[in-house]
Every structure is written in structure tokens, then in C-alpha cells.
Amino acid sequence: METPIVRHIPARAVARSARARTVSLIGPTTVASGLIWGILQPWRLTLLHPRGQGFWWLVLEPPLLVAGVGVIFALVVARPLLSDLEARDAAPR
């Protein structure tokens, strides 16, 4: 009886370089820091007490801006940059 011990590992599961891991963690780290900032300093979030505040004052709150920048970085900057890094690593030297 023969059992296959070695399995095929998909190319996506191959370990990433340190640069790729760093770039992929910048966005989530920024979002987490914005959320933690909002939790640690809730008086900065005027959404919790919006009396007398205008629309832009409610939207442009520093913890929300930090979290938004993290999301935008992860979606707009990190994805194309990661694909370029993976293509560079896969190219023969």
C-alpha cells in the first residue's frame, strides 16, 4: 500500500518576502491604530455627542481619518504594490 506523503503546495501559499509582509501589514496596522486611538480618547469622537457640530466637523475626526487612510492604503496602494513585488520575486534573475 502506498500513501502520498508529499502534497502539492499552491503557489499562493509560498512564503512572502519581508518587504511584501511589511507592505501588507501597513494598512491593517494603521486601521487598528485609528480604532485604538478612538477607544483610548473617546472625547475626540464628536459622533458620540454631536450637539452643535457641523457635518465636516463630524466627518473629519482624527481617529476616523487615520482608520480611513489605512483602508485606502490597503486597497489602493498595497494591492498593486504587492503584485509588483510578487512579480519581481518570481522573475528569473
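The figures that follow rest on heavy atoms only: side chains count, while hydrogens, waters and symmetry mates do not.
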Identify, with sequence neighbours excluded, every residue that meets side-chain contact (heavy atoms from CB on, under 4.5 Å) alongside [X].
X	value
A20	R16, S17, L82, L85
V69	none
V66	T30, S33, W37

Using every non-hydrogen atom in the two residues, find where [X] and [Y] come nearest and quote the distance to one decimal.
X	Y	result
F73	V23	CE2-O, 3.9 Å
T29	L25	OG1-O, 2.6 Å
A74	G27	CB-CA, 4.2 Å

- Task: Give, for atom CZ of R19 and atom CZ of R88, the distance between the pair rounded to the nearest 0.5 Å.
- Result: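 If we round to the nearest 0.5 Å, R19:CZ and R88:CZ are 5.0 Å apart.
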inquiry  = Using 0.5 Å steps for rounding, measure from the CG atom of L81 to the CD atom of E86.
reply    =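 Going from CG on L81 over to CD on E86, the span is 10.0 Å.
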Same cluster for V71 and L35 if Ile/Leu/Val/Met/Phe/Trp/Tyr side chains link at under 4.5 Å?
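Yes, one cluster joins them.
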